[in-house]
There are 2 protein chains.
Amino acid sequence: MAVERGSSVAESLSTELIAVVVAVTAGEPRVLTIRNGAALPSGSFESGHRSLQAGLRSWVERQTHQPLGYVEQLYTFADSDRADSGRRVISVSYLGLAREGPVAGADAGWHGWYRYFPWEDHRGGAPDMIGREIAPALARWAGHDPARRSRAAITFGLQDQGWNEEWVLQRYELLYEAGLVPERARRDPVQGAVMLAGEAMALDHRRILATGIARLRAKIKYRPVFFELMPEVFTLGQLQQTVEALAGRGLHTQNFRRLIEAQRLVEDTGQMQTTGGRPARLVRYRGEIQSERAIVGTKLPLARS
Amino acid sequence: MAVERGSSVAESLSTELIAVVVAVTAGEPRVLTIRNGAALPSGSFESGHRSLQAGLRSWVERQTHQPLGYVEQLYTFADSDRADSGRRVISVSYLGLAREGPVAGADAGWHGWYRYFPWEDHRGGAPDMIGREIAPALARWAGHDPARRSRAAITFGLQDQGWNEEWVLQRYELLYEAGLVPERARRDPVQGAVMLAGEAMALDHRRILATGIARLRAKIKYRPVFFELMPEVFTLGQLQQTVEALAGRGLHTQNFRRLIEAQRLVEDTGQMQTTGGRPARLVRYRGEIQSERAIVGTKLPLARS
DNA sequence: CCACTAATGCTCTGAGTGAGCATATTGGAG
DNA sequence: CTCCAATATGCTCACTCAGAGCATTAGTGG
């Protein structure tokens with residue numbers, strides 16, 4: 001229903017829905033997959049679907065039997081790389097959060113996301129593979145080009161700017177450009193490039209996963225969505241572990257609790273849970289705050305009106 | 001190219017591209033329109049387009065002759081409300097920033113965005129119309145329902161939580177639900193509802209505009225995109241006026257300059273410009289910082305690794 | 001010279017964040 | 001039973017930054 005129509009005949013386009021569904025189990029971030037980990041749940045948008053999101057939920061449940069909780073749109077693209085068949089595909093990707101349940105369906109399953117992005121796990125400091133595989137490979141790719149060297153250094157925090165955990169997509173794209181991932185090698189190999197550790201996925205699914213991880217890492221900083229991943233009751237230690245799993249970084253325990261308590265995000269249940277050390281209080285998320293706090297979130301120097 | 005195909009025959013879908021193009025001229029935020037302000041530039045995605053974004057740029061230039069600078073994707077939806085014709089349409093919307101130039105093309109033009117959302121302009125305090133038209137109309141709609149009353153109060157800052165300028169879409173949707181805008185009345189009038197001031201647009205274009213404004217208001221808080229709207233050289237006063245136009249709120253002048261200077265976002269040109277009062281330094285945006293600052297932006301209590 | 005209008009310079013204060021020190025509880029190893 | 005390892009919790013101190021407001025400067029138009 002374009003307001004003004006193009007001259008050409010309306011063309012045959014299909015629309016695909018793709019899901020990045022995340023859970024954190026036993027302190028590991030996991031993603032829901034099909035085809036034994038080689039692809040994300042996906043399917044085409046059909047007229048029977050009431051909305052894009054409804055269509056997505058239906059595909060995920062059909063393919064994996066995993067119910068979805070929170071869902072938000074990620075990005076839409078029309079990758080011409082995919083135009084093998086001449087038929088154009090529009091892909092609408094979504095990020096979903098869930099609690100890991102028993103999956104069913106052909107080759108559906110959950111896989112740790114660091115399996116696809118081993119360089120993204122900095123919970124125990126920068127992973128060895130960055131210095132051992134990535135840095136040298138990028139150095140070969142950059143050669144004497146200062147722009148490339150600088151980009152590699154900044155993106156992977158190779159010098160002293162530090163690691164920015166949100167640049168998941170930029171890092172993947174850099175590795176793609178440098179020819180260090182199989183997805184690139186499949187269609188256009190870069191000579192001399194050695195594939196990195198880190199499992200590939202079909203088509204551009206790994207790129208979409210990177211987009212989802214990046215979005216989630218950014219989002220947890222201004223919105224406590226991680227409660228969607230927690231069970232009904234939990235300890236602050238488990239909560240911290242979940243956030244660390246997503247962020248791929250270790251957090252300062254005392255300050256983390258201060259943050260959670262200052263915002264009154266949780267309430268006590270009165271119960272305790274044994275841990276490896278001192279027993280921990282079991283708490284529960286206070287969903288009410290959503291409406292309570294008129295989250296104003298300023299960063300502009302507003303006048304007092 | 002879904003990994004697993006649905007059972008039904010691939011259906012006929014068309015994809016539409018819609019642009020919210022914003023400029024700020026003489027301290028007023030403006031949006032690029034066609035059809036004499038009744039619609040946003042839009043057209044269908046065609047095989048000749050290299051990418052969605054390329055298609056969008058092409059449509060905007062064809063319809064308005066306005067060149068685009070910064071562009072980012074907003075949202076994608078498949079509104080079943082639009083399925084009048086039985087043919088489903090996927091709409092991909094974009095936000096673009098530009099410097100207002102001479103437009104050409106049928107009924108293309110720039111219009112102040114507060115013409116469509118008069119309740120969003122709080123630069124001189126809350127507009128009268130909120131107390132005079134909106135609050136009473138919402139009160140009638142809410143009746144004795146506490147959930148509705150609370151929602152209205154929070155969304156429009158009717159009590160003391162204050163105004164949150166980012167909730168542009170929520171406010172529009174509330175007015176839509178309450179039957180106070182013509183777009184709703186067109187397809188499903190709410191009896192007894194009196195239309196509010198604020199011009200309507202075709203289809204759901206006003207909703208898309210609201211989405212764009214909301215995105216922009218949120219974005220300027222963590223990324224200085226407003227420089228895209230400024231001329232080559234400008235004064236800090238003009239910059240502030242531009243940001244105020246977007247945010248719809250007045251800013252504390254001294255603190256605003258402190259913010260800009262602390263981040264070293266601008267550099268001096270050595271020139272001055274006369275104003276109504278003391279002459280102002282003319283400055284220029286330091287585009288370099290983009291790469292300089294490894295914008296880390298933490299809000300999580302990271303451990304020192 | 002005076003009134004008016006912006007642009008600039010600075011100061012004070014309180015809230016919030018980064019880092020650590022110290023203590024409390026359990027379970028398990030000598 | 002005592003000591004130690006592993007967590008959970010309490011609190012403090014230093015520093016940065018954002019919110020507010022006071023004061024001054026440099027043009028323009030009577």
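Residue numbers begin at 1 in each chain, while the letters A, B, ... track the order of the sequences.
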For this session: Would you kindly check whether a donor in the side chain of B:R258 faces an acceptor in the base of C:dG9, or vice versa, at under 3.5 angstrom?
Result: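 In this structure, the two groups form no donor-acceptor pair.
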
Whole-Å distance between [N] [atom2] and [X] [atom1]?
X: B:N255; N: C:dC10; atom1: CG; atom2: P; result: 15 Å
X: A:H252; N: D:dA14; atom1: NE2; atom2: C1'; result: 14 Å
X: A:K221; N: C:dT17; atom1: NZ; atom2: P; result: 14 Å
X: A:F256; N: D:dA8; atom1: CZ; atom2: C1'; result: 13 Å
X: A:Q241; N: D:dA8; atom1: CD; atom2: P; result: 9 Å
X: B:Q273; N: C:dT5; atom1: CD; atom2: C1'; result: 15 Å
X: A:E261; N: D:dC11; atom1: CD; atom2: P; result: 12 Å
X: A:L302; N: D:dG19; atom1: CG; atom2: C1'; result: 10 Å

Closest to the [X] side chain, choosing from [options]:
X: B:T253; options: C:dG18, C:dT8, D:dA20; value: C:dT8
X: A:L259; options: C:dT17, D:dG19, C:dA7; value: C:dT17
X: A:R257; options: C:dC12, C:dG9, D:dA8; value: D:dA8
X: A:A280; options: D:dT9, C:dA7, C:dG18; value: D:dT9
X: B:L236; options: C:dT8, D:dT12, D:dG19; value: C:dT8
X: B:Q254; options: D:dA18, C:dG18, D:dC22; value: D:dC22

Considering only nitrogen or oxygen atoms on both sides, find all protein atoms under 3.5 Å from nucleotides 25-27 of chain C and state each distance.
{"from": "C:dT25", "atom 1": "O2", "to": "A:R278", "atom 2": "N", "distance (Å)": "3.0"}

Problem set entry | Nearest heavy atoms of A:D268 and A:R284, plus distance in Å |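 In this case the closest contact between A:D268 and A:R284 is O-NH1, 4.4 Å.
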
Problem set entry | Smallest separation among heavy atoms of A:E166 and A:A214, with atom names |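 What the structure gives for the nearest pair is O-CB, 3.5 Å.
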
Exercise. Are A:R223 and A:E72 ion-paired here, with the side-chain N under 4.0 Å from a carboxylate O?
Worked result: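 No, A:R223 and A:E72 are not salt-bridged.
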
For this session: Identify whether the distance between the nearest side-chain nitrogen and carboxylate oxygen of B:E120 and B:R217 falls below 4.0 Å.
Result: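 A salt bridge is present here (some side-chain N lies under 4.0 Å from a carboxylate O).
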
Problem set entry | Heavy-atom side-chain proximity of B:R171 to B:F117 below 4.5 angstrom |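 In short, these two side chains do not touch, never coming nearer than 4.5 Å.
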
Problem set entry | Pairing residues for A:E100 by the salt bridge (Lys or Arg N to Asp or Glu O under 4.0 Å) criterion, not counting sequence neighbours |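 A:R30.
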
For this session: Please work out if B:R281 contacts a base, only the sugar-phosphate, or nothing of the nucleic acid, heavy-atom cut-off 4.0 Å.
Result: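 Sugar-phosphate: the residue B:R281, judged by heavy atoms under 4.0 Å, touches backbone atoms but no base.
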
Problem set entry | side-chain contact (heavy atoms from CB on, under 4.5 Å) between A:F156 and A:L175, intermediate numbers included | CA-CA 10 Å; A:F156 278 90; A:L175 298 179; 3.8 Å; yes

